[in-house]
Visitor: 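One structure, as structure tokens, below. Some questions next.
What you see below is based on every heavy atom in this structure, not just the backbone, and it leaves out hydrogens, waters and symmetry mates.
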Amino acid sequence: MKKTLFLLIACALSTQFSFSQSVDNSDGFDLYDAKAETYLDRILFGDTRIFAEYIYSPSFRDVLAFRIVKDRCRETYTLQVFRLSNSQEKMREIHQASSTTAPELYRKYSPKPKSFEVSERFAVELRGEMTAVLMRGFKPMERTPGVIEVVSDGESATFRCVVDGELWARRIHMPKNRALQLSDICNKIITDALKGRKPNEAKYIKLLREIDFWP
């Protein structure tokens with residue numbers, strides 16, 4: 001019944017919004033979107049290119065996200081974590097706006113992050129594992145938002161990094177295997193940070209190194 005209801009809602013909404021197509025593989029269902037950013041990407045991260053970014057989108061619950069910002073002048077790394085409520089409603093309001101490219105349109109919906117300075121070792125280890133998942137099915141992305149992301153039953157995980165000046169991104173519905181292991185670690189990092197606890201870097205580096213490379 002729940003799945004049937006979602007299909008009816010999705011059909012009704014598809015006349016207004018562009019939805020991603022999915023391809024199944026060993027990491028889950030890759031969501032492809034004609035290389036466009038989603039409104040959710042822009043709400044959370046703006047139009048800047050950051051060292052590493054992650055979004056967890058569960059159905060009917062708050063969106064969780066983080067990004068790691070590298071300060072090239074000071075050679076330091078900052079972990080910023082976000083919680084976004086009512087994301088679907090906010091994306092629909094953006095879609096109905098006269099211009100979906102105005103930065104101020106997204107800023108008014110952007111949640112205030114909690115920030116923690118982290119070590120280079122932690123930042124590089126986390127980005128390295130994210131890049132490994134991206135290499136298995138990344139999609140180069142253009143910086144023009146135009147897709148509203150709808151998560152049906154389950155959840156999706158988005159991994160984003162800039163590699164050689166190009167934004168690499170991969171959105172996976174119902175992640176599994178390596179992608180699921182990485183997503184679980186990212187979610188634990190966010191949960192710790194939202195409670196005001198700086199991530200235990202040694203613990204998380206150990207968990208990252210224990211992720212199975214195969215399948």
Visitor: Would you indicate whether the side-chain heavy atoms of V69 and R67 approach each other to under 4.5 Å?
Guide: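 Yes. Closest side-chain heavy atoms under 4.5 Å.
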Visitor: Below 4.5 Å, heavy atoms only, C-beta onward: do I68 and T78 meet side chain to side chain?
Guide: no
Visitor: Answer whether the closest heavy-atom distance between the side chains of E155 and P175 falls below 4.5 Å.
Guide: yes
Visitor: Please report the shortest heavy-atom distance between F66 and L126, naming the atom on each side.
Guide: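 Result for this residue pair: CZ-CD2, 3.6 Å.
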Visitor: Are the side chain of N86 and the backbone N or O of E89 linked by a donor-acceptor pair below 3.5 Å?
Guide: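 A pair under 3.5 Å: no.
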Visitor: Check M174 against G154 and note the closest heavy-atom contact, atom names and distance.
Guide: SD-CA, 3.4 Å
Visitor: In Å, rounded to the nearest 0.5 Å, how long is the span from NZ of K188 to SG of C186?
Guide: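 Atom-to-atom, K188:NZ and C186:SG are 11.0 Å apart.
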Visitor: Just by modelled atom types, is the N187 backbone N or O under 3.5 Å from a matching donor or acceptor in the T191 side chain?
Guide: yes
Visitor: Any Lys/Arg nitrogen of E104 or K108 sitting under 4.0 Å from an Asp/Glu carboxylate oxygen of the other?
Guide: no
Visitor: To the nearest 0.5 angstrom, please state how far the CZ atom of R107 sits from the CD1 atom of I43.
Guide: 13.0 Å
Visitor: Please work out which of the three classes, parallel, tilted or perpendicular, describes the rings of F45 and F82, given edges at 30° and 60°.
Guide: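 Rings of F82 and F45: perpendicular, over 60°.
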Visitor: If you define the side chain from C-beta out and look only at heavy atoms, does anything of L64 sit under 4.5 Å from L194?
Guide: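 Of all side-chain heavy-atom pairs linking L194 with L64, at least one is under 4.5 Å.
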Visitor: Between L182 and M130, which heavy-atom pair has the shortest distance, and what is it?
Guide: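 Heavy atoms only, the tightest pair is CD2-CA, 3.8 Å.
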Visitor: Distance from I94 atom CD1 to L105 atom CG, nearest 0.5 Å?
Guide: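 Reported value, rounded in 0.5 Å steps: 5.0 Å.
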Visitor: Give me the atom names and distance for the closest heavy-atom approach of R170 to V133.
Guide: NH1-O, 2.7 Å
Visitor: K90 and L84: side chain to side chain contact (heavy atoms under 4.5 Å, CB included), yes or no, with the steps?
Guide: CA-CA 10 Å; K90 291 169 181 174; L84 179 68; 3.5 Å; yes
Visitor: When you look at I185 and L208, which way does the side chain to side chain contact (heavy atoms under 4.5 Å, CB included) test go after all the steps?
Guide: CA-CA 8 Å; I185 293 171; L208 288 167; 4.1 Å; yes
Visitor: Would you say I172 and L180 make side-chain contact, with heavy atoms under 4.5 Å?
Guide: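 In short, these two side chains do not touch, never coming nearer than 4.5 Å.
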Visitor: Quick one: are I189 and P199 in side-chain contact, heavy atoms under 4.5 Å?
Guide: yes
Visitor: When rounded to the nearest 0.5 angstrom, what distance separates CD1 in I55 from CG in D41?
Guide: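 Rounded to the nearest 0.5 Å, the CD1-CG separation comes to 4.5 Å.
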Visitor: Determine the minimum heavy-atom distance between C73 and D71, stating which atoms define it.
Guide: N-OD1, 2.9 Å
Visitor: In sequence, state the C-alpha distance, the side-chain angles, and the governing distance for S57 and L40, and then conclude on side chain to side chain contact (heavy atoms under 4.5 Å, CB included).
Guide: CA-CA 10 Å; S57 302; L40 181 59; 3.5 Å; yes
Visitor: Would you find a donor on one side and an acceptor on the other, under 3.5 Å apart, between the side chain of K70 and the backbone of A52?
Guide: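 A pair under 3.5 Å: no.
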Visitor: Any side-chain heavy-atom pair from L44 and Y109 closer than 4.5 angstrom?
Guide: no
Visitor: Identify all side-chain donor-acceptor contacts of residues 114-122 below 3.5 Å with residues at least two apart in sequence or on another chain.
Guide:
{"from": "S119", "atom 1": "OG", "to": "F122", "atom 2": "N", "distance (Å)": "3.1"}
{"from": "S119", "atom 1": "OG", "to": "E201", "atom 2": "OE1", "distance (Å)": "2.5"}

Visitor: For I190 versus V81, what's the shortest heavy-atom pair and its separation?
Guide: CA-CG1, 4.3 Å
Visitor: Going only through I, L, V, M, F, W and Y residues with side-chain contacts under 4.5 Å, is there a path from F159 to L207?
Guide: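 Linked, F159 and L207 end up in one cluster.
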Visitor: To the nearest 0.5 Å, what is the distance between SG (C161) and CE (M135)?
Guide: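 Here the rounded value is 11.5 Å.
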Visitor: Find out whether R209 and I211 are in side-chain contact, i.e. whether some heavy atom of one side chain is under 4.5 Å from a heavy atom of the other.
Guide: no
Visitor: With a cut-off of 6.0 Å (strictly less than), are more than 12 heavy atoms of other residues, nucleotides or ligands near NZ of K206?
Guide: no
Visitor: Does the structure place the NZ or CZ of R127 under 6.0 Å from the centre of the six-membered ring of F51, at an angle of no more than 45° from the ring's axis?
Guide: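 Yes, a cation-pi geometry holds between R127 and F51.
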Visitor: Hydrogens and angles aside, do Y39 and S87 bring a side-chain donor and acceptor to less than 3.5 Å of each other?
Guide: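 No - no donor-acceptor pair under 3.5 Å links their side chains.
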Visitor: Going through the distances and angles, do R83 and V63 end up as a side chain to side chain contact (heavy atoms under 4.5 Å, CB included)?
Guide: CA-CA 6 Å; R83 184 197 299 273; V63 170; over 6 Å; no
Visitor: Without hydrogens or angle criteria, can the side chains of E125 and Y204 be said to hold a donor-acceptor pair below 3.5 Å?
Guide: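 No.
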